[in-house]
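Input: a single structure, listed below in structure tokens.
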Amino acid sequence: MRLTRFYIPTLKEAPAEADVASQKMMMRAGMIRKLAAGIYSTLPLGLRVIRKLENIIREEMNRAGAMEVFMPAVQPSELWVESGRWDVYGKELLRFRDRHDREFCFGPTHEEVITDLVRRDVRSYRDLPLNFYQIQTKFRDEIRPRFGVMRGREFSMKDAYSFDATDDGANKSYEAMRVAYTAIFTRLGLNFRAVEADTGQIGGSFSHEFMVLADSGEDTIAYCGKCEYAANVEKVEIKAPADVESGEALPLEEVSTPKMKTIEEVSGFLKIAPERLIKTLVYKTDTGEFVVALTRGDHDVNNVKLARAVKANEVTMADDAEVFKATNAPSGFLGPIGLTSVKIIADNAVRVLRNAVTGANKKDAHVRNVNHERDFPNATFADIRNVKAGDPCPRCAGGVMGLARGIEVGHIFKLGTKYSEAMRATFLDSEGKEQPMIMGCYGIGVGRTAAAAIEQNHDDKGIIWPSSIAPFDVAVIPLNMDDEAVVKAAEEVYAELMKEGLDPIIDDRDARGGVKFNDADLVGYPAQVVVGKKSLAEGKVEIKNRKTGERVSVAPGEVVAEVRKVIAGY
RNA sequence: CGGGAUGUGGCUCAGCCUGGUAGAGUACUCGCUUCGGGAGCGAGGGGUCGGAGGUUCAAAUCCUCUCAUCCCGACCA
């Protein structure tokens, strides 16, 4: 490709709204332009990256036995009503009506459509298993789109859906996808980790997220330093402490704690470590029910875990008025004692505390020597807290958990029969008995993966593409466009690179060297071949490795081999 | 959805407080010089000052409404 015939509108300064590295660089390198909040156009350079990425995904999906299809972006409401999600999906689902006043949505995912497709034709266990995938534009009307294409509203996603006759088969389909995803992200050259994850709104029985490790990631993952266990903090299991602390349960004792509301204040005032306090929080579920959550003073409630424990879709903290309504006590001085009309969920760590401190359910007072068996026997225990670095690993002996930030680029779910039952996608088994198909679904955020690659691979000058998805393998940079020998040598090198099957771009603009160097560094071609008057006089051209910055001078005939060497090192 | 901020040429921003009819850098066009890390000089083109309404002799500037964009929060009592 010739730069004079290819559109790469680079910018010296990033638009003010860009706040993460990948967004700044994709804008500056002329890969994307914003049309509206969370909605982007992809320019030719960006599309090259996306296509290379998609092709790797396709190859690995096909290898794993999945078949590509293409489903409609616009979906009728009936299917969503049938699956039960029309009412639960909320405002993220973009809904609209056609001219006949029929309701539709712009698909945020395609379980309904694929399930409908399959149930129409598949009748027998002999037709199974099946796995269909597509690469398609989705729309999720996010509350707050941000970070460019990493959290856009309109985005491209590879989604796949498997249908099996047996549970064992479904597990095999799931495993095949886990292997395929590992192959995909490995080929993309990303530093990633597959972690156990919450199934969220999609539903289902178990799932893994594929996380690209980057400090700018929106998710936190916990991993064991010793064994292979890793999970999203929303999911990570926390080992419940085994034995109740020793010691006698002492009589309850009310203490005055004027204006001491927070854990720090109470802990400091009573000179008692936060670990000896029980924090009492009031939550409201999406159905309007109040729940009281208890954790140790030094621990934090994880909303997702709490929601799962009380079988709600979502929980939010109650405000002060709601707190009073639920407990008849002022916030800041809450405790579980005497709360009988509301459900109490306590974290496992609270169970073993002996003689702890809680609020007294009245202003300016707390209670000492609280013990759950005696003082709040109506509590149920569950794992509802956030993991802390240093917590013991739940899966191995002696392992300790660490925390890292990650960008969720892929997510695989074993769905089970949630959709097939709701939508009656059934088949006849070998005994002639009707059974619901067992499903799995598997997504990869295409644009987000490209952005994650940049988050993980850039410097202050620009992007450093993994060679597998670089828009071009190598840039040929003639420095003196008015020097015939330079132009001729550069053109020959360019032609040779193409002939040898590489994907080069030649910067044939009549521009100064500095401009070309800076653009090349910004766009991030893995290798640059610099053809200039001076080195050419000695029969040499220069090859620069974008990642290491190393330059070597070689004869024009050795360029292809040298470029290959550079790319291989990526 | 709550709070905060910002909308001025393609991009980054000044001007607004104190009203007098729009500016800089960069980018773009042309000429000359220059030419291995975002050149210099000269000459140009490009702006309904987000939109609507109001106040005023006069509005980018003051007032009201509205739209858009961004940030923070929606988690620890």
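A/F290 has its CZ atom 15 Å from the C1' atom of B/A77, to the nearest Å. Atom NZ of A/K259 and atom P of B/A77 are 19 Å apart (whole Å). Taking atom CZ on A/R146 and atom C1' on B/A5, their separation rounds to 17 Å, with Å as the unit. Between the CG atom of A/L11 and the P atom of B/U12 there is a distance of 8 Å, given to the nearest Å.
B/G42 and B/U55 have their C1' atoms separated by 46 Å, given to the nearest Å. Using atom P as the reference point in both B/A60 and B/U8, the two lie 15 Å apart (nearest Å). When the C1' atom is used for both B/C41 and B/G53, the distance is 49 Å, rounded to whole Å. Atom name C1', nucleotides B/A27 and B/G47: the rounded distance is 15 Å, in whole Å. For the P atoms, the distance linking B/U66 with B/U29 amounts to 44 Å, nearest Å.
The side chain of A/V323 approaches B/A77 more closely than any other nucleotide in the set B/A77, B/U69, B/A27. Comparing B/G37, B/C71, B/C70 by their nearest atom to the side chain of A/R144 picks out B/C71. In this structure, of B/G36, B/C1, B/A77, it is B/G36 that holds the atom nearest to the side chain of A/E542. For A/A37, the side-chain atoms get nearest to B/U69 when compared with the rest of B/A74, B/U69, B/A77. The side chain of A/K12 sits closest to B/G38 out of B/G38, B/U69, B/A74. Here the side chain of A/S535 is nearest to one of B/G36, B/C70, B/C76, namely B/G36.
Judged as a ring pair (Phe, Tyr, Trp, His ring centres under 6.0 Å), and not counting sequence neighbours, A/W465 has no contacts. Residues satisfying the side-chain hydrogen bond (donor to acceptor under 3.5 Å, both in side chains) criterion with A/K239, sequence neighbours excluded, are absent altogether. Applying the ring pair (Phe, Tyr, Trp, His ring centres under 6.0 Å) rule to A/H299 yields no partners; only residues at least two apart in sequence or on another chain are considered. Not a single salt bridge (Lys or Arg N to Asp or Glu O under 4.0 Å) links A/K325 to another residue, sequence neighbours left out. Qualifying side-chain hydrogen bond (donor to acceptor under 3.5 Å, both in side chains) partners for A/T4, counting only residues two or more places apart in sequence or in other chains: A/D508.
A donor-acceptor contact shorter than 3.5 Å is absent between the side chain of A/D219 and the backbone of A/G217. The main-chain N or O of A/R385 is found under 3.5 Å from a side-chain atom of A/K305 such that the two form a donor-acceptor pair.
Across all strands shown, A/R551 has heavy atoms under 4.0 Å from base atoms, whether or not it also approaches the sugar-phosphate. At the heavy-atom level, A/K279 lies under 4.0 Å from base atoms of the strands shown. Residue A/T280 is in base contact, counting any heavy-atom pair closer than 4.0 Å across all strands shown. Contact annotation for A/K461: base contact, defined as any heavy-atom pair under 4.0 Å involving a base atom.
Proximity of residues 504-520 of chain A to RNA chain B (heavy atom under 4.0 angstrom from any strand atom) is restricted to A/R512, A/G514, A/V515, A/F517, A/N518, A/D519. Only A/L479, A/N480, A/D482, listed by number, bring a heavy atom of residues 472-483 of chain A to less than 4.0 angstrom from any atom of RNA chain B. Heavy-atom distances under 4.0 Å link RNA chain B to A/E13, A/A14, A/P15, A/A16, A/E17, A/D19, A/R28 of residues 13-33 of chain A, given in residue order. A heavy atom closer than 4.0 Å to some atom of RNA chain B occurs in A/G332, these being the qualifying members of residues 332-369 of chain A.
Heavy-atom contacts from other residues, nucleotides or ligands closer than 6.0 Å to NZ of A/K138 number more than 12.
Screening residues 4-44 of chain A for ring pair (Phe, Tyr, Trp, His ring centres under 6.0 Å) gives A/F6-A/F472 as the qualifying pairs, with residues at least two apart or on separate chains. Listed by first and then second residue, the salt bridge (Lys or Arg N to Asp or Glu O under 4.0 Å) pairs that reach into residues 351-365 of chain A are A/E254-A/K362, A/R354-A/E373, sequence neighbours excluded.
In this structure, A/I263 and A/L277 approach most closely via the heavy-atom pair O-CD1, 3.8 Å.
Aromatic pair A/H372/A/F381: ring centres closer than 6.0 Å.
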Polar atoms only, N or O, under 3.5 Å: list the protein pairs with nucleotides 40-48 of chain B and their distances.
none

